[in-house]
Amino acid sequence: MSLQGARERRVRTGGVELCVAELGDADRPTVVLVHGYPDSKEVWSEVAVRLAEQWHVVLYDVRGHGRSTAPRPLRGGFTLEKLTDDFLAVIDAVSPDRPVHVVGHDWGSVQSWEFVTVGRTEGRIASFTSMSGPSLDHFGHWIKQRMARPTPRRVGQLLGQGAKSWYVYMLHTPVLPELAWRGPLGKRWPGILQRLEKVPAGDYPTASLPDDAAHGAWLYRDNVRARLGRPRADAYAHAPVQLITPTGDSFLSERLYDDLEQWVPRLVRRSLPAKHWVPRTRPDQLAAWIGEFAAANEADGQEGLPAQQQTAKGPYAERFGGQLVLVTGAASGIGRATAFAFAEAGARVVAVDRDAEGAARTAELARLVGAPAAWGEAVDVGDEAAMEKLADKVAAEYGIVDVLVNNAGIGLSGSFLETTSEEWKKVLDVNLWGVIHGCRIFGKQMADRGQGGHIVNTASAAAFQPSRALPAYSTSKAAVLMLSECLRAELAEKSIGVSAICPGIVNTNITATTRFAGTDAAEEQRLRKRTTRLYGRRNYPPEKVADAILRAVVRNQAVVPVTPEARGVRLLSRVSPGVLRGIARLKPPL
């Protein structure tokens, strides 16, 4: 997506002429997007058009990049002081009477840290969102602290970041970077981004890339060694900062930001399961987080802006804040606990269950425990047409789901020979086909969006363990486990993770609805009460399963046995399956 329709102006400052583009209503608060290396302002095009629906969005080509002119001579023309002069000239032109919200990526973030920590910009910046680019002053102090008091852990951090910074050393060499970028590297760079970073093909990078990259080498030469060797002692942020950390960044360690709170009194942390070029690979999530943070730092109730929201305080808030999570089987048990756990992490929640009242109640409580928004939807997950309709509604009204939790399930006990075809169909419709429908319909939406996501399928310890008492239930859960493994392999190239959660005996109300094949009503009621007592005596809370689900998404775990018995059964299935087969022959007590 290009910047077609943008309004352009030229801003002269410090011997250069900057190309500035604007989108959206100029009367609204301004968000300034600052690009990194070796990019031009077009790296922000996908994010910019999304933000322009509610903000006045400004992008400019950094001096020597895109359609901005380069300083002469190049040496000494890219210092942070001169870049700050450029920034002030731009915001004086586009927002002279109102502070702006600054967003920086890569070197755009590095220079924006300068903007937000020097005195001459104080009062001109309302907020700063940083991604994939540290303050050189903070980085310098980080290095000095680890060298002054080395420990194995700190030495490992230094060596790790040193290895990731290999390109910095190369860019300090004379002439060679310019030759490479104007030669084979410049031609191959778009393909490298597509292959290694999963950046979609299109109108980015622009034709100016070779010159941009050659000029931009002076960003490193003019600043890195000087600042890392002599970092400022007063580099404190005078505006609120939102730090967005891609967890798969090949160039920057997450550990660089461990000490950031000492420099930033008002800090919000976010993390994304993505690589370095998130403005191209995760524009929806970035636009949502940038807009939310900027709105929170504007006066409440401004026309056209979302109201300020309380920052989520849950243990996974930096990962799930503002994301859209759909949970099936959410009226009770593991599903309800999972909806609440995501709500506490600041996610927007869609609670789905065939029990309409229960789903609505879960959504209501989710809002109370921290979800910025939550909705209840009544759907039978085994009904393909109903699931298709639900997916269309969610996409149209709430957005594309970021995390899908296929949790809905029912129980069935009884021998194979006494289980009727109708009973098999009921179990497979919910436990297997419900998962298939969710994965296929919502998973395709995730894949088509091309911005990653995660699918969680609730299987069971029964997926590892044969049982003469649970043939239908165990078969359905084993199928869910294998489906998850197959999907994980297929969707990895789409940056979509898939996890199978395998609890053992958990104290939920599934026992209240479990059917017992081959029994009359009185016998079934007796067996149901006995099973309910057993589960209650075990008393493993669904909240622990919910915590395992969130942790599995954060860590992108493939198979997660949750309870001690589940972990034990999985271990036996690997090292001694004959033992499990022997146990399976035992007839359960009546």
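In what follows, every heavy atom counts, from backbone to side chain, and hydrogens, waters and symmetry copies are set aside. In what follows, residues are counted from 1 in the order of the sequence shown.
Not a single side chain to side chain donor-acceptor pair (under 3.5 Å) links Gln557 to another residue, sequence neighbours left out. For Glu254, the salt bridge (charged side-chain N to carboxylate O under 4.0 Å, His left out) criterion is met by no residue, not counting sequence neighbours. With sequence neighbours left out, the salt bridge (charged side-chain N to carboxylate O under 4.0 Å, His left out) criterion links Glu261 to Arg269.
Side-chain N or O atoms of Asp61 include one that pairs as donor or acceptor with a backbone N or O of Arg67 at under 3.5 Å. Remark: side-chain polar atoms of Ser95 are paired, donor with acceptor, to backbone N or O of Arg98 under 3.5 angstrom.
Taking the six-membered ring for Trp and the full ring otherwise, the centers of Phe342 and Tyr316 sit at least 6.0 Å from each other.
With no hydrogens or angles considered, a side-chain donor-acceptor pair links Glu298 and His101 at under 3.5 Å.
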In a table with atom names and distances, give each donor-acceptor pair under 3.5 Å that connects a side chain of residues 191-199 to protein atoms at least two apart or in another chain.
unit_1: Glu197; atom_1: OE1; unit_2: His276; atom_2: N; d: 3.0
unit_1: Glu197; atom_1: OE1; unit_2: Trp277; atom_2: N; d: 3.1

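Considering CZ of Arg280 and CH2 of Trp44, their distance stands at 11.0 Å, rounded to 0.5 Å.
Judged as a ring-ring contact (aromatic ring centres under 6.0 Å, His included), the pairs with a partner in residues 58-82 (not counting sequence neighbours) are, in order, His35-His65. Within the structure, ring-ring contact (aromatic ring centres under 6.0 Å, His included) pairs that include any residue of residues 14-34 do not occur (at least two apart or interchain).
Of the residues Arg63, His215, Glu178, the one that meets the side chain to side chain contact (heavy atoms under 4.5 Å, CB included) test with Leu74 is His215.
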